[in-house]
Amino acid sequence: TALPIYGTEIGASIVLSNATPQVTFGSLVAQDVLPDDFRREIAGIDYSSPATKINVALDRLPSFEAHPQPGPHLGCTIHIGCENMASLHAAYLDAECGRSSSVPLVEMTIPSVYDPWLAPPGRHVASLFVQYTPYAPRGSGWTSETKNELADRVFDLIDRYAPGFTASVVGFEVLTPPDLEAIFGLTGGNIFHGDRKSG
């Protein structure tokens, strides 16, 4: 087997790919070497993504009402907006209707708690994994305005649990499913490389 890598063809008996199955078997491997039933299975994988990633620069650590002082809890994954199944279901239905969830599920990590090199002294970064968002919102699609509206909604939700979070934001980046697809090559923006139950 030989694959072109940066313009150079490198031969190998085994090739590993960390690309999605669609990219690996649809673009990198010659179609005539794949069995028809295998190609049909790969074509049947659902790559729709319900998640948007928001990277946030903060001028201080969040202070949660449930535990205001800094501590080990800030080094864990923090889930917000998932108090009951009804709210999760409502968030999912919003995305199914082509709009971002009015009350999204937010999974927050603060990696600078463990790696101080990620931010200047006294500053921090937070990674927000936000569900549920459609690949393409009905109407305008993803624009700077719709991305900022989503970020505002997410920050307002976090403020309910960690007052002052919005005021601590010094910058942010919203990566919607199309952004994740374009930047990282994730088919459909799906960070799991597709629905493992489909196909």
> With the 4.5 Å side-chain cut-off for hydrophobic clustering, are Val125 and Tyr114 part of the same group?
Replying inline: no
>> Do Asp59 and His124 make a side-chain contact, defined as non-hydrogen atoms from C-beta onward lying under 4.5 Å apart?
In response: no
>> What verdict does the side chain to side chain contact (heavy atoms under 4.5 Å, CB included) test give for Val29 and Val33, after you've listed the backbone C-alpha separation in whole Å, the side-chain angles of each residue and the deciding distance to 0.1 Å?
In response: CA-CA 8 Å; Val29 176; Val33 301; 3.6 Å; yes
> Has Glu145 got more than 12 heavy atoms of other residues, nucleotides or ligands less than 6.0 Å from its CD?
Replying inline: no
> Any donor-acceptor pair under 3.5 Å linking the side chain of Ser101 with the backbone of Val103?
Replying inline: no
> With side chains defined as the heavy atoms from C-beta onward, is the minimum distance between Pro50 and Tyr92 less than 4.5 Å?
Replying inline: no
> Got a donor-acceptor contact below 3.5 angstrom from the His67 side chain to the His73 backbone?
Replying inline: no
>> If the condition is side chain to side chain contact (heavy atoms under 4.5 Å, CB included), which residues does Ala51 pass it with, not counting sequence neighbours?
In response: Ser49, Phe129, Gln131
> Looking at the rings of Tyr161 and Phe64, which for Trp means the six-membered one, are their centres under 6.0 Å apart?
Replying inline: no
>> Using a 3.5 Å distance criterion without hydrogens, assess whether the side chain of Thr24 forms a donor-acceptor pair with backbone atoms of Asn18.
In response: no
>> Walk me through whether Asp159 and Thr166 qualify under side chain to side chain donor-acceptor pair (under 3.5 Å).
In response: CA-CA 7 Å; Asp159 274 334; Thr166 299; 2.5 Å; yes
> Within a strict 4.5 Å, meaning less than it, do heavy atoms of the Tyr47 and Pro21 side chains meet?
Replying inline: yes
> About how many Å separate CG of Leu175 and CH2 of Trp142, when rounded to the nearest 0.5 Å?
Replying inline: 11.0 Å
> Is Asp37 paired with Arg40 through a side-chain N to carboxylate O contact shorter than 4.0 Å?
Replying inline: no
>> Are more than 12 heavy atoms, taken from residues, nucleotides or ligands other than Phe172, located less than 6.0 Å from that residue's CZ atom?
In response: yes
>> Walk me through whether Ile110 and Leu61 qualify under side chain to side chain contact (heavy atoms under 4.5 Å, CB included).
In response: CA-CA 8 Å; Ile110 310 168; Leu61 282 170; 4.0 Å; yes
> Would you say the side-chain atoms of Asp179 pair up with the backbone N or O of Thr176, donor to acceptor, closer than 3.5 Å?
Replying inline: yes
>> A side-chain contact here means heavy atoms from C-beta on lying under 4.5 Å apart; do Phe165 and Leu58 qualify?
In response: yes
>> Quick one: does any side-chain atom of Asn190 pair with a main-chain N or O of Ser48 as donor and acceptor, under 3.5 Å?
In response: yes
>> Let me confirm one number: the CG-OG1 distance from Leu180 to Thr52, rounded to the nearest 0.5 Å.
In response: 7.0 Å
>> Side chains of Leu34 and Phe25, heavy atoms from C-beta outward: is any pair under 4.5 Å?
In response: yes
>> Could you walk me through whether Met108 and Ile158 satisfy the side chain to side chain contact (heavy atoms under 4.5 Å, CB included) test, starting with their C-alpha distance in whole Å, then the side-chain angles of each, then the deciding distance to 0.1 Å, before giving a yes or no?
In response: CA-CA 10 Å; Met108 174 193 287; Ile158 295 171; 3.7 Å; yes
> Sequence neighbours excluded, which residues qualify as side chain to side chain contact (heavy atoms under 4.5 Å, CB included) partners of Ser127?
Replying inline: Lys53, Asn55, Thr109
>> Can a donor-acceptor pair be found, under 3.5 Å and without considering hydrogens, that links the side chain of Asp115 to the backbone of Pro111?
In response: no
> Is any side-chain heavy atom of Glu173 less than 4.5 Å from a side-chain heavy atom of Ile54?
Replying inline: no
> Where do Glu107 and Ile80 land on the side chain to side chain contact (heavy atoms under 4.5 Å, CB included) test, with the steps shown first?
Replying inline: CA-CA 6 Å; Glu107 184 178 300; Ile80 297 169; over 6 Å; no
